Structures are given as C-alpha cells and as structure tokens.
Amino acid sequence: MLEDSFTELERTRLEKLHALQAEGLEPYPTRAEQTHTSQEAIDAFIRAEEAGDEIPIKVTLAGRLRALRTMGKIAFAHIDDRGGRVQLFFRINDLGEKKMAELDKFFDLGDFIQASGYMFRTKRGEVTLYVEDFKLLAKALRPLPAAKDEMVDGELVRHATLSDPETRYRQRYVDLAVNPDVQKIFKVRAATVRALRQFLDDHDFIEVETPILQPIYGGAAAKPFVTHHNQLHQDLFLRISFELYLKRLLVGGLERVYEIGRDFRNEGVSFKHNPEFTQLEFYWAYADYLKVMDFTEQMIAFAAEQVLGTTKISFDGKEIDLTPPWNRLELRQGLIEATGIDIDEHPTAESLEAAMKAKGLTAKPGSSRGKLIDALLGDFLEPNFIQPTFLYNYPRDISPLAKNQPGNPTVVERFEGFVGGMELCNAFSELNDPLDQEQRFLEMGRDYKSDDEERHPMDDDYLNALSYGMPPAGGFGIGVDRLVMLLTGRRSIREVILFPHLRSLAEDDSN
RNA sequence: GGGCGUGUAGCUCAAUGGUAGAGCAGUGGCCUUUUAAGCCAUUGGUUGGGAGUUCGAGCCUCCCCACGCUCACCA
C-alpha cells in the first residue's frame, strides 16, 4: 500500500488531509479555474499602473504552492504556474479567522491552490495577488525536495535543491517541479523540433510516419530489439532507422519526405547513447550529398536562430559558431593530416593494418578496411571537430546504402557532420541502382561474420521497390537529442530526454 | 562487460574504528506588507542491502544493488 511507504512527514500531511475532509473540505476537487497565468496577471497590472488606470485587475490564479510565510494575521505565499511565479497576500481582515486558520492548518508546500482577488504592489515593490478567496485544488502528500528560492534582480536563485542524478531521472516529475532549468531544457527541445519541422515544411517536404515494428530491420548498422506478435506468430524488430521505408516513398513519387520519430538500438548506454532516441531523416529527390550539405548547415543555423536567437552557442566550455558555411574536409585528407596515413595507398584491410602498425597504432583484428578507417576517424578526427565540420567521401564497405563517387569504386558520396567533438548527422547520395544495392547487401553478408548482429539483412521488398525506379536523391539523418544537447549546453543525453532509460530497481531491495 | 568513484534525516551535506550531526523542510508557539522572513522550542536515522574482522564499524574486508565517470561497444 502507498501509505506503508510514507515517512513521518508524509503521515503528517495525510493527517491534514483527513482533518480538512472532516471540516467538509475537498482535497481533490474536480473543478478548477485559472483566468490568468502569473505572468499575464503581473503584466496586466503593470500596464494598468503605467496607464494610470484605477480599475482593479481581478484575476483567479492557480498553481503549486512553493513558499508560505504565515505571520499571524497576514501571510505571504508564492505559487508556480506555467507563466512563472507570483506572490499571494492573505489578510485576516478580508478572509476571516476561519479561512486564515485553514491556510495555516491544512496547506503544505507543494499543494495546488486556486486564489482569486486583485493585483497590487507591496511596500517592497513586488506585484502580488491580494487574495479575497482561495481553495485547495490538490493535496500533495509527499514534500518536494527544494526548500528555498530567492529572487535577485529578477533572477530566480535556487539554494539547496534536488541534484542527485538518479532521483532526478527516475522521478523526473519531481525534478521538473523543482528545477526551472530542467523545464527550460524541454521547452528548448520542443522549440527545436518545431523549428526543424518548419524549415522542412517551408521547403516543400511532407512529414510521414513509417512502421516502428518491422519484419526486417535495416538502414543502419546496429543491433535491434526483438519483439513478438502473438496472433501472427511473427517476430518483429523495433526499427533502427527510417531509411528504407522513406526511400520506398521516393519510389512512390513523394519527392521530398521526412520523419521525426524514435529509433531503438540494442546497444551500450553512454552520455551520448540512449536505447531509444529521436531521429530526423529526410529524403530529397533530385538532390545529392553536396546539396544536402548546404541545406544541413542552413537548417541547423535556422533552428539555433529560432530557438536561441543566435547561431553562437556554448558547449562543454567551448564557444561554437553554427553560422554557415561550416568547415569541409575530405575524409582521406583529414586522415593524412591527423595520422600521416593515406588510405588511398591502402586498398585492402591488410595493407592499411600494416600501415597503422608501422605508426604504432593498434588495429582490432579481423576488421574490414572500412571499419579500420572508421576507427581512425573516431580516434583522430571526431574529438577535434569542435567547430561544425563536414567530413565527406567515405569508404564504400561501411556505407552500403550510399552511391559511389563517379569513377571511384571504393569511395561513396557520403558525409557526416560533427559539432562539439560529437557526430551529429549523416547523409549521402542515395544508392538507387537495384542491382548494385543487391550486390552491397551480399557483400555485407560476406564481409561481416554471420553472427554479427549488425550486418545488414537482405531486404527483398526494398530491392523490389528500387526495381521500379527511384529518382536520384540526397538523404539525411540527424540525432535530435544531440542537437538539443548542443543547443542547451548539456553534456549528457540523459539531460535532454525526459525519461532516460535506467535499470529497473529490484522489487525487494533488502537482498 | 572491465576499471575508478559515489550511496548518511524529505533535500543539500558533515562526522580519527569510540554517544550519528548541521542547514533547510516538518511540528508547537510569537508575529498585520514579508520575501532564503525572523525569534523560541522541538520531532525526525535499517548510514543502499547482506555477511565478516573487531571489545566496538557510517568508516576496514568480501558479496550484492543502484547511480556517475571512463574504457570497450556505438554505419
């Protein structure tokens, strides 16, 4: 039972709940009213004040009680609502002894309250609601952690507050109720998604939704989650990317499509990996990776401008400028500069591995040439790309869905965008030759060990779709969570996901 | 999965192997324009869980749990 878990503090609150019920008061009334937010009420008062208007601003406010200072015959309180915070003033002369006693006896910090009256300015100058009537809207049986806040020059200063990351993530509702900065992160997140959507809509893209439950997963090299449909007696995979479905839509004549949604990857969890994460992918007929590159830097700069009002951001102690154009560096050239190895001189994994060993670099045994290059990229290039950088022209064998560079059989037209030392997005000229695509799937099967869960399974229906003809196109994918990390200056992906994945707690933690 | 670290009151944190404390919150008082309100008094602990060493463990050892950092992994 819930009650069994209550601490002494919580039992005290429960007793108050019973006591107010005994007086005929309702701790969880059904109806509530809110005519203004705190901000609207304050703004309305200030406008009237400036206009010299005597008409009182009558309002009904509702919110969570965050501070209560009772002083015998008067009391001050602060409540939080979606507009911010506002002070309430209670006076026994206006409310009567019974209501004043109610406030003192039955209300706790964290309770939801509704209060009606008119706005005025206290002697200290704070615009405040002069309460003529109030009622409890919802009793909080558990106390919120944060204790004291202070307004200094209009800025909310929080003294001791909830900071334990485990409690913050497991009980995000408490974190949000107590930490205004956390609410801000998710407002920025919403604004970011809105901006991306607007940018794509404005460029004549249409938003679509494709299956999350898929009989064959693909479009990325990642391990999937598996689930099962009982009635169909069929195993299904949670998607690891949207790619193969979105490109089927290009075949169908939807020339510009995008999807914003959740991907699921059954892999390690880290400060930049959550098992489920939000992805944006778009596919653009008659474009190629160079057009997509231009478009990408415009889109990200637009989002930053919309959300923050600037393209200059601060991340991990570094100032980053998202203003286009971004740096562009060919992968081969980048590796020559960073490692002294020219990958073009090493057409095989064996040759490249030998070159790495000659430089004192260890290679993971059995890696393909592409995987070796990818490892070099991750070790020597990625961490240094603090300012936005496009790295382009990737090895073919780690890019099975990208189109070859004309005249170059080992290099594909692909780029990745890096910001803040982190991979942000990935794009290429889409492979639309069904025969080549089939060959790539087969090569995957040959190059990757059969027990490698990251191999790309053959998707016959996708090949069938390509066989009807897919226009040449540029395609793009971005980790929305990582973009939000950049725009909010958070170093951990968990900070920008409302409910990041945490291990379940044991039912019985006494063992 | 490996390494390192953390876990003490509702929250934030103290505590040489020797009586588990503080601030805030809570509770009882005083207080008619306060605002981290103030003053007086006061409650609150399975020190993450289990075992061991010891006369004695929050502290030392081992096992387990969770979280954080990091490595591996992550087209």
Side-chain angles (χ1 to χ4, degrees), chain A residues 6-13 15-16 66-78 85 87-94 100 104 108-110 120-126 128 130 142-152 156-170 174 178 218-223 240-241 243 265-275 277 364 368 370-371 373-375 377-378 394-402 412 414 416 423 426 428 444 448 453-456 477 479 491-492 494 500 502-506 508-511:
Chain A
F6 279 7
T7 65
E8 187 189 344
L9 298 184
E10 290 152 2
R11 286 201 192 87
T12 305
R13 286 175 176 235
E15 281 162 20
K16 288 185 187 182
R66 298 290 289 136
L68 180 61
R69 299 179 291 280
T70 58
M71 308 166 77
K73 298 189 173 60
I74 61 165
F76 290 89
H78 274 101
R85 174 166 289 200
Q87 181 167 256
L88 312 183
F89 175 64
F90 303 81
R91 196 156 170 258
I92 198 165
N93 309 41
D94 305 279
M100 279 306 275
D104 197 36
D108 289 299
L109 299 188
F120 79 115
R121 196 180 280 276
T122 63
K123 282 182 184 170
R124 293 292 187 90
E126 182 166 349
T128 299
Y130 196 110
R142 297 196 196 270
L144 289 171
K148 295 282 182 177
D149 310 321
E150 185 183 11
M151 294 297 289
V152 178
L156 187 65
V157 177
R158 187 128 289 173
H159 291 275
T161 191
L162 177 67
S163 60
D164 172 48
E166 184 173 354
T167 311
R168 287 187 49 233
Y169 299 147
R170 283 196 199 280
V174 175
V178 146
K223 295 172 196 159
I240 58 172
S241 86
E243 175 150 2
R265 296 188 184 176
N266 203 342
E267 287 165 351
V269 177
S270 80
F271 72 94
K272 51 179 176 173
H273 298 271
N274 197 60
F277 62 99
K364 203 176 153 194
S368 70
K371 285 222 160 187
I373 292 171
D374 200 39
L377 184 174
Y394 276 63
R396 171 184 149 117
D397 69 310
I398 52 168
S399 314
L401 301 163
V412 293
R414 170 179 172 191
E416 290 184 310
E423 182 194 335
N426 181 31
F428 29 90
M444 281 287 138
Y448 287 63
E453 291 178 78
E454 291 182 12
R455 72 193 187 283
H456 286 240
R491 224 183 76 81
S492 169
R494 296 178 200 102
L502 295 180
R503 214 179 292 258
S504 300
L505 294 173
D508 178 8
D509 36 317
S510 65
N511 48 358

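Values below: all heavy atoms of this structure, side chains included; hydrogens, waters and symmetry mates excluded. In what follows, chains carry the letters A, B, and so on, assigned in the order in which the sequence lines appear, proteins first and then strands, with residues in each chain numbered from 1. From a predicted model like this one, the values you see are computed outputs, not experimental measurements.
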**Q** For the side chain of S163(A) and the base of rU12(B), is some donor closer than 3.5 Å to an acceptor across the two?
**A** no

**Q** Could you check which of rC11(B), rU33(B), rU32(B) has an atom nearest any side-chain atom of I92(A)?
**A** rU32(B)

**Q** Report the distance from atom NZ of K73(A) to atom C1' of rC30(B), rounded to the nearest whole Å.
**A** 10 Å

**Q** Does OP1 or OP2 of rA37(B) have a side-chain N or O of R69(A) closer than 4.0 Å?
**A** yes

**Q** With pairs defined as Watson-Crick or G-U wobble and both distances under 3.5 angstrom, please note down RNA chain B as a dot-bracket string, | for pairing with another strand.
**A** (((((((..((((....[..)))).(((((.......))))).....(((((..]....))))))))))))....

**Q** Could you check R265(A) against R494(A) and say which one's nearest nucleotide on RNA chain B is further toward the 5' end?
**A** R494(A)

**Q** Taking the six-membered ring for Trp, are F89(A) and Y130(A) parallel (under 30°), tilted (30 to 60°) or perpendicular (over 60°)?
**A** perpendicular

**Q** Would you say rC67(B) has OP1 or OP2 under 4.0 Å from some side-chain N or O of R503(A)?
**A** yes

**Q** Check the phosphate of rU35(B) against R124(A), side-chain N and O only, distance under 4.0 Å to OP1 or OP2. Yes or no?
**A** yes

**Q** What distance do K73(A) atom NZ and R91(A) atom CZ have between them, rounded to the nearest 0.5 Å?
**A** 11.5 Å

**Q** NA contact type, S399(A), heavy-atom cut-off 4.0 Å: base, sugar-phosphate, or nothing?
**A** nothing

**Q** Just how far is it from atom OG1 of T128(A) to atom CD of Q87(A), taken to the nearest 0.5 Å?
**A** 4.0 Å

**Q** Is K16(A) near enough to rU27(B) that one of its side-chain N or O atoms lies under 4.0 angstrom from OP1 or OP2?
**A** yes

**Q** When rounded to the nearest 0.5 angstrom, what is the spacing between CG in L109(A) and CZ in R66(A)?
**A** 7.5 Å

**Q** With the side chain of T128(A) defined as its heavy atoms from C-beta on, choose the nearest nucleotide among rU27(B), rU34(B), rU70(B).
**A** rU34(B)

**Q** From C-beta outward on D164(A), which listed nucleotide comes closest to its side chain: rU12(B), rU32(B), rA66(B)?
**A** rU12(B)

**Q** When the C1' atoms of rC71(B) and rG58(B) are considered, how many whole Å apart are they?
**A** 31 Å

**Q** Let me know the distance between CZ of F90(A) and C1' of rC31(B), rounded to the nearest Å.
**A** 17 Å

**Q** May I have the distance from I398(A) (atom CD1) to rA75(B) (atom P), rounded to whole angstrom?
**A** 9 Å

**Q** Quick one: does NZ or CZ of R491(A) land under 6.0 Å from the six-membered ring centre of F271(A), within 45 degrees of the ring axis?
**A** yes

**Q** Please give, in whole Å, the distance from rC30(B) P to D104(A) CG?
**A** 10 Å

**Q** Suppose you measure atom C1' in rG56(B) against the same atom in rA20(B); what distance do you get, rounded to whole Å?
**A** 15 Å

**Q** Given rU34(B), rC69(B), rU33(B), identify the nucleotide with an atom nearest to the side chain of F271(A).
**A** rC69(B)

**Q** Among rA66(B), rA75(B), rC11(B), which nucleotide has an atom closest to any side-chain atom of D374(A)?
**A** rA75(B)

**Q** Looking only at atom C1', what distance separates rG28(B) and rC69(B), rounded to whole Å?
**A** 46 Å

**Q** Which nucleotide sits closest to the side chain of Q87(A): rU32(B), rA75(B), rU35(B)?
**A** rU35(B)

**Q** Taking the side chain of R414(A) as its heavy atoms from C-beta onward, which of rA66(B), rA75(B), rU34(B) lies nearest to it?
**A** rA75(B)

**Q** Measure from the side-chain heavy atoms of L162(A) and tell me the nearest of rA75(B), rC11(B), rU34(B).
**A** rC11(B)

**Q** Distance between the P atoms of rC4(B) and rC60(B), in whole angstroms?
**A** 15 Å

**Q** Would you mind reading off the distance between R142(A) atom CZ and rG44(B) atom P, rounded to a whole angstrom?
**A** 20 Å

**Q** Rounding to an integer number of angstrom, what distance separates rU43(B) and rA25(B) when you compare their C1' atoms?
**A** 12 Å

**Q** If the threshold is 4.0 Å, N to carboxylate O, is there a salt bridge linking E267(A) and K223(A)?
**A** no

**Q** E166(A) CD to rG5(B) C1': how many Å, rounded?
**A** 15 Å

**Q** Taking T12(A) for its side chain and E8(A) for its backbone only, find out whether a donor-acceptor pair lies under 3.5 Å.
**A** yes

**Q** Donor-acceptor pair under 3.5 Å: do we get one between N426(A)'s side chain and the base of rA75(B)?
**A** yes

**Q** For R170(A) and for R121(A), find the nucleotide of RNA chain B with the closest heavy atom, then tell me which residue's nucleotide is more 5'.
**A** R121(A)

**Q** Is F120(A) touching bases, backbone alone, or none of the nucleic acid, heavy atoms closer than 4.0 Å?
**A** base

**Q** How long is the straight-line distance from CZ of R142(A) back to CZ of R13(A), given to the nearest 0.5 Å?
**A** 11.0 Å

**Q** To the nearest 0.5 Å, how far apart are CG in D108(A) and CG in L9(A)?
**A** 9.5 Å

**Q** May I ask you to verify whether the side chain of R91(A) and the base of rU32(B) hold a donor-acceptor pair under 3.5 Å?
**A** yes

**Q** For nucleotides rU12(B) and rA57(B), find the distance between their C1' atoms and express it as a whole number of Å.
**A** 25 Å

**Q** Do side-chain atoms of R168(A) reach the backbone of L162(A) as a donor and acceptor pair under 3.5 angstrom?
**A** no

**Q** Mind checking the C1' distance from rU42(B) to rA22(B)? Whole angstroms is fine.
**A** 15 Å

**Q** Take atom CG of L68(A) and atom P of rC31(B), then tell me their distance rounded to the nearest Å.
**A** 17 Å

**Q** What integer number of Å spans the P atoms of rC11(B) and rU47(B)?
**A** 15 Å

**Q** From the list rA37(B), rG68(B), rA25(B), which nucleotide is the closest neighbour of the side chain of L9(A)?
**A** rA25(B)

**Q** Kindly point out which of rU27(B), rU32(B), rA25(B) is positioned nearest to the side chain of L109(A)?
**A** rA25(B)

**Q** Starting at CG of N426(A), measure out to OG of S241(A) and round the result to the nearest 0.5 Å.
**A** 10.0 Å

**Q** For R66(A) and rA25(B), give me the distance from atom CZ to atom P, rounded to whole Å.
**A** 13 Å

**Q** Quick check on rG68(B): is either OP1 or OP2 less than 4.0 Å from any side-chain nitrogen or oxygen of R168(A)?
**A** no

